[in-house]
Amino acid sequence: MTQDLFDDGVVSESLPLGPGAVVLRRFAKADEAALLDAVRQVTEQAPLRHMVTPGGFTMSVAMTNCGDLGWVTDRTGYRYDPIDPESGHPWPRMPDVFVRLASDAASQAGFEGFVPDACLVNRYEPGTRLSLHQDRNERDYGQPIVSVSLGIPAVFLFGGATRSHKSQRVPLAHGDVVVWGGPARLHYHGVLPLKEAEHPLTGACRFNLTFRRAG
Ligand code: SIN
Ligand code: FE2
């Protein structure tokens with residue numbers, strides 16, 4: 001484990017999950033106000049919604065996007081789309097604080113030059129979960145995934161290259177950032193059902209920002 005001291009005295013620890021994957025504890029904490037403000041602005045323009053999987057299930061996690069491309073699912077499949085299908089307009093532009101944080105976190109994890117063009121905003125409430133999956137709709141698997149947790153805690157499942165590989169259970173708290181890429185880029189991951197909790201800044205919910213270079 002390594003420690004970095006930010007200007008404001010916040011200590012960030014790096015916790016390796018395996019080759020190519022790391023948790024940067026509290027890395028986003030110093031930007032919490034600006035990040036949550038930006039989440040509010042994005043969700044005003046492109047409201048959170050429960051998307052439907054190709055198999056016809058409605059997702060318990062509410063989602064929206066910002067950036068040039070947005071991840072969407074419907075009965076026809078998963079895809080990145082420059083247009084929000086609910087509004088018919090482009091997704092809101094990615095706030096600068098998002099781009100900077102994602103890029104800094106990627107560098108800290110050893111992935112220099114990461115510039116995201118897609119940010120998926122997930123809202124979890126107690127009881128909601130995300131089943132084990134791979135992120136594989138992106139064009140270039142040379143680019144990492146940067147995933148930022150805000151609000152109430154969750155347990156992140158981080159598995160291996162196959163679905164049957166045993167998953168690590170990684171508790172994630174407000175401000176934690178997970179980065180995975182290189183040999184871990186296609187590893188299965190998910191989120192266990194959230195427990196009831198309250199956070200002073202978000203109430204009974206967790207926001208997750210997933211940054212990707214999709215196009
Ligand atoms: C995701 O895999 O898209 C989100 C993971 C998380 O919420 O931590
Ligand atoms: Fe994912």
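One-based numbering, in listed order, for ligands and for the atoms of each. Sequence positions, counted from 1, serve as the residue numbers for this chain.
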Below the 3.5 angstrom mark, is there an N/O of His189, backbone or side chain, next to an N/O of ligand 1?
yes
How about Cys66 and Pro95: do any of their side-chain heavy atoms sit closer than 4.5 Å?
yes
Within the 4.0 Å heavy-atom shell around Tyr124, which atoms of ligand 1 are there?
4 (C), 5 (C), 6 (C), 7 (O)
Does the side chain of Leu150 reach to within under 4.5 Å of the side chain of Leu201, using non-hydrogen atoms?
no
Indicate, as side chain, backbone, both or neither, the part of Val178 found under 4.0 angstrom from ligand 1 when only non-hydrogen atoms are considered.
neither
Should the heavy atoms of other residues, nucleotides or ligands under 6.0 Å from CZ of Arg79 be counted, would the total exceed 12?
yes
Please report which non-hydrogen protein atom sits nearest to atom 8 (O) of ligand 1, along with the residue it belongs to and the distance in Å to one decimal place.
Arg206 NH2, 2.9 Å
Could you check whether any heavy atom of Arg212 sits closer than 4.0 Å to an atom of ligand 1, since that is the contact criterion I want to use?
yes
Tell me which N, O or S atom from Asp135 is the closest to the Fe ion (ligand 2).
OD1
Looking only at protein heavy atoms, what sits closest to atom 4 (C) of ligand 1 is Asn208 OD1, 3.3 Å
Val61, portion touching ligand 1 at heavy-atom distance under 4.0 Å
neither
In ligand 1, the atoms that come under 4.0 Å of a heavy atom of Leu130 are 1 (C), 2 (O), 3 (O), 4 (C)
Parallel, tilted or perpendicular: which fits the ring planes of Phe211 and Phe98, with parallel below 30° and perpendicular above 60°?
perpendicular
Backbone or side-chain N or O of Asp135 under 3.5 Å from ligand 1 N or O:
no
Heavy-atom neighbours of Phe57 CZ exceed 12 at 6.0 Å
no
According to a 4.5 Å side-chain heavy-atom criterion applied to Ile, Leu, Val, Met, Phe, Trp and Tyr, with indirect links allowed, do Leu157 and Trp180 form part of one hydrophobic cluster?
no
Arg129 and Ser60: side-chain donor and acceptor closer than 3.5 Å?
no
Proximal atoms of ligand 1 relative to Asn122 (non-hydrogen, under 4.0 Å)
3 (O), 4 (C)
Is the closest basic N to carboxylate O distance between Asp84 and Arg49 below 4.0 Å?
yes
